[in-house]
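Just below is one structure, and these are the notes that go with it.
The first residue of the sequence shown is numbered 1, and numbering continues consecutively from there.
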Amino acid sequence: IRAETALGRYREVDVRVAGLPPKALSSVELRLALADNAFRAGDYPATVTHAEAAIARAKRDHDKVAAGVMIAFANTWQGDLDAAAEAMATALKLDSTGPAAEQFAYLEALAAYYRGEVDAARAAFASLDTATSAAMRAASAAGVGLCAHRSGVLDEARNAYDRSRALAEE
């Protein structure tokens, strides 16, 4: 399923899953893979459904945090910032120092941007400049670009977008 998702074959995953016995859906790993597939396909309600099912069955905190990340992103993309914050708070109780913490910091910056708190969002995005992953640094640079663009500082926006692209290409 993850290979099909990586290739962008989202509907093929749905067809494959429809042929599985119902008991297979009790697998945490399968539910996480289905949540990832749904997220990449833009089906955020299904993302939340699969991730919540994974949390309900998960025994390992790592799986619960991974599902919480998906729920937080899906809710953010749907504009439900309160539900995203709730998912983040729940997951951070389980792991406040791992990679998920950076992802949640990014989502908090994005939420500030969506609420119109551009200066706070810019500062939050800029604080992620030292994130451990190049992908997170690229996303945060793009966030700085969004804030600069919205503030009318176009040279800063262009520089931030260029930096984001360079980081993404690493």
Any side-chain hydrogen bond (donor to acceptor under 3.5 Å, both in side chains) pairs touching residues 39-48, not counting sequence neighbours?
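Matches after skipping sequence neighbours: D36-R40.
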Inter- and intrachain pairs under side-chain hydrogen bond (donor to acceptor under 3.5 Å, both in side chains), touching residues 146-157, at least two apart
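Checked against side-chain hydrogen bond (donor to acceptor under 3.5 Å, both in side chains) - neighbours excluded - the pairs reaching residues 146-157 are R122-S151, D155-R158.
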State the CG-CD distance between L128 and E102, to the nearest 0.5 angstrom.
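CD of E102 is found 6.5 Å from CG of L128.
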Nearest 0.5 Å, what's the CD-CE distance between E108 and M88?
5.0 Å
Electrostatic pair D14-R11, nearest N-O below 4.0 angstrom
no
Measuring only between side-chain heavy atoms, which start at C-beta, is [X] closer than 4.5 Å to [Y]?
X: I55; Y: T90; result: no
X: D95; Y: T97; result: yes
X: D162; Y: R165; result: yes
X: F73; Y: Q103; result: yes
X: V144; Y: D129; result: no
X: I1; Y: R16; result: yes
X: L167; Y: R163; result: yes
X: Q78; Y: P45; result: yes

Without swapping roles, check the side chain of [X] against the backbone of [Y] for a donor-acceptor pair under 3.5 Å.
X: D61; Y: D63; result: no
X: Y113; Y: A121; result: no
X: S27; Y: A24; result: no
X: R31; Y: L25; result: yes

Might you point out which heavy atoms bring [X] and [Y] nearest each other, and give the distance in Å?
X: A141; Y: A160; value: O-CB, 3.4 Å
X: A72; Y: F104; value: CB-CE2, 3.8 Å
X: A54; Y: V28; value: O-CG2, 4.0 Å
X: N75; Y: A83; value: ND2-CB, 3.5 Å
X: V118; Y: C147; value: CG1-O, 3.6 Å
X: E29; Y: R2; value: O-NH2, 4.2 Å

Joint hydrophobic cluster, V48 plus V69, side-chain heavy atoms closer than 4.5 Å:
no
Would you kindly confirm whether L92 and L110 end up in one hydrophobic cluster when ILVMFWY residues are joined by side chain heavy atoms under 4.5 Å apart?
yes
Within 6.0 angstrom of E86 CD, more than 12 heavy atoms from elsewhere:
no
Test M70 against H50 for side chain to side chain contact (heavy atoms under 4.5 Å, CB included), laying out the working first.
CA-CA 9 Å; M70 287 188 233; H50 288 301; over 6 Å; no
With sequence neighbours left out, which residue pairs that include part of residues 8-35 fulfil the ring pair (Phe, Tyr, Trp, His ring centres under 6.0 Å) condition?
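Ring pair (Phe, Tyr, Trp, His ring centres under 6.0 Å) check on residues 8-35 returns no pairs.
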